[in-house]
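Hydrogens, waters and symmetry mates are skipped; everything else that's a heavy atom, side chains included, is used. Just so we're on the same page: letters track the sequence lines, and every chain starts at 1.
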Protein chains: 2
Amino acid sequence: MQLSRIIIGDGLNIENIVKKKNLKLTSARRELLEILFYAKNPLSYEDIKENIVMDKATFYRNIIKFEEENIINSFESNDKKRYFEIFQQPHPHFVCSRCHNIECIKERLDFNLEGYLVENIILKGLCKVCNKTSI
Amino acid sequence: MQLSRIIIGDGLNIENIVKKKNLKLTSARRELLEILFYAKNPLSYEDIKENIVMDKATFYRNIIKFEEENIINSFESNDKKRYFEIFQQPHPHFVCSRCHNIECIKERLDFNLEGYLVENIILKGLCKVCNKTSI
DNA sequence: ATTATAATGCGACTAAGTTGCATTAAAGTT
DNA sequence: AACTTTAATGCAACTTAGTCGCATTATAAT
């Protein structure tokens, strides 16, 4: 797969995104970003590690860099793991407490919290499937 | 302090709550529940451990029991820690990504997510204080 | 007072995430 | 194309949350 050539949004590919932030384009970074670009849901380190060759330290150092540069963002689930995804328009995530699946919520949740800046919304509970099959 | 005599809601004190669930009332459990009852914000293990004498395994085993019995509930913050609080009416929590404070949100957030059962809402971003003093 | 059973403490363990340090690779310069 | 600077990598050692098995102890009922 010629993943590094995928076009994201405004004609950007992984090379441009990384270089725009004055980061060196290494194979570790290309690998990591390709996986995240192709994922349709947020991924944890455990999800990713089987598919990468880089060291754990490299992984986390890149995660930190990418988060600083707003290339990705992350949040904690209820399984003690952090989940990573390519930075998109802020949108809520639903974490199912039964099946532990994580879904991106497309519906807009409107509420006004005076004074706060809400960057991330995590909803926990039962997803559609588990809610239907619940006792 | 005669903490075990505090009255919660329907004339319940810690003794009654624990016994109602068919759990033995040990000093570890009394200690843990007293701390959580008195906390005005959710607490992590790190917050609690200086004030308890029980072993870490006992702490977590009781946390698991209490969660099963809906005496407490917990959620993950963005500092890799789990936070615990006495189970109350479900209400959102706001986690500040700058000062890492955790607040209970009293305002009702109304939205309808068809099919899901939302048990827990975590908002992340800048709290009132940090948002005001942000660049 | 006795006893059954649940809860505790201890030690060993797992897994995420971090840090220091020596080595290597990227990207600009001549 | 070789040279150089600086950033990124791999490795090993570490920290901390959380879990588990097991022997011992405390609770609550008889």
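- By the side-chain hydrogen bond (donor to acceptor under 3.5 Å, both in side chains) test, A/Y45 is found to be paired with no residue, residues two or more places apart in sequence or in another chain being considered.
- Atom-to-atom, OH of B/Y83 to P of D/dT16 comes out at 15 Å; the value is rounded to the nearest Å.
- Summarising the geometry of B/F37 relative to B/I14, their closest heavy-atom pair is CE1-CG1, 3.6 Å, with the distance given to 0.1 Å.
- Note on B/I64: only backbone sugar-phosphate atoms sit closer than 4.0 angstrom, heavy atoms only; bases stay farther off.
- Between the axis at the start and the axis at the end of the helix from C/dA1-D/dT30 to C/dT30-D/dA1 there is an angle of 30°, using five pairs per end and rounding to 10 degrees.
- Counting only heavy atoms from C-beta on, A/L25 has its side chain closest to C/dA27 among D/dA17, C/dA27, C/dG17.
- Between A/I52 atom CD1 and D/dG10 atom C1' there is a gap of 13 Å when expressed in whole angstrom units.
- In this structure, A/I48 places its CD1 atom 17 Å from P of C/dA15, rounding to the nearest Å.
- Residues satisfying the side chain to side chain contact (heavy atoms under 4.5 Å, CB included) test with B/H91, not counting sequence neighbours, are B/E85, B/Q88, B/H93, B/C104.
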Ignoring hydrogens and angles, write down the donor-acceptor pairs under 3.5 Å from the side chains of residues 48-60 of chain A, residues two or more places apart or on other chains.
unit_1: A/D55; atom_1: OD2; unit_2: A/A57; atom_2: N; d: 3.0

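- Take B/E46 and apply the salt bridge (charged side-chain N to carboxylate O under 4.0 Å, His left out) test, not counting sequence neighbours, and it matches B/K81.
- At the heavy-atom level, B/K81 lies nowhere under 4.0 Å from the strands shown.
- Protein atom NZ of A/K19 is 10 Å distant from nucleotide atom C1' of C/dA26, rounded to whole Å.
- C/dA16 atom P lies 14 Å from atom CG of A/L43, rounded to whole Å.
- The distance between atom NZ of A/K49 and atom C1' of D/dG10, rounded to the nearest whole Å, is 17 Å.
- A donor-acceptor pair under 3.5 Å links the side-chain atoms of B/R29 to the main chain of B/K24, judged by distance alone.
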Side-chain polar contacts of residues 116-128 of chain B - donor-acceptor pairs under 3.5 angstrom, sequence neighbours left out - could you list them?
unit_1: B/Y116; atom_1: OH; unit_2: A/E103; atom_2: OE1; d: 2.7
unit_1: B/E119; atom_1: OE1; unit_2: A/S97; atom_2: OG; d: 3.2

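- The stretch residues 64-73 of chain B participates, sequence neighbours left out, in these salt bridge (Lys or Arg N to Asp or Glu O under 4.0 Å) pairs: B/E67-B/R82.
- Regarding B/R82, its CZ atom lies at a distance of 19 Å from the P atom of D/dT16, rounded to whole Å.
- The phosphate of C/dG17 has OP1 or OP2 within less than 4.0 Å of a side-chain N or O from A/Y60.
- The distance from atom NZ of A/K56 to atom P of D/dC11 is 13 Å, rounded to the nearest whole Å.
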Between the protein and nucleotides 7-10 of chain C, which nitrogen or oxygen pairs are less than 3.5 angstrom apart?
unit_1: C/dA7; atom_1: OP1; unit_2: B/R29; atom_2: NH1; d: 2.7
unit_1: C/dA7; atom_1: OP1; unit_2: B/R29; atom_2: NH2; d: 3.0
unit_1: C/dA7; atom_1: OP2; unit_2: B/K65; atom_2: NZ; d: 3.4
unit_1: C/dA7; atom_1: O5'; unit_2: B/R29; atom_2: NH2; d: 3.4
unit_1: C/dT8; atom_1: OP1; unit_2: B/T26; atom_2: OG1; d: 2.6
unit_1: C/dT8; atom_1: OP1; unit_2: B/N62; atom_2: ND2; d: 3.4
unit_1: C/dT8; atom_1: OP2; unit_2: B/N62; atom_2: OD1; d: 3.4
unit_1: C/dT8; atom_1: OP2; unit_2: B/N62; atom_2: ND2; d: 3.2
unit_1: C/dG9; atom_1: OP2; unit_2: B/D55; atom_2: N; d: 3.1
unit_1: C/dG9; atom_1: OP2; unit_2: B/T58; atom_2: OG1; d: 2.8
unit_1: C/dG9; atom_1: N7; unit_2: B/R61; atom_2: NH2; d: 3.2
unit_1: C/dG9; atom_1: O6; unit_2: B/R61; atom_2: NH2; d: 2.9

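- In this view, B/D47 and B/S44 satisfy the side-chain hydrogen bond (donor to acceptor under 3.5 Å, both in side chains) rule, not counting sequence neighbours.
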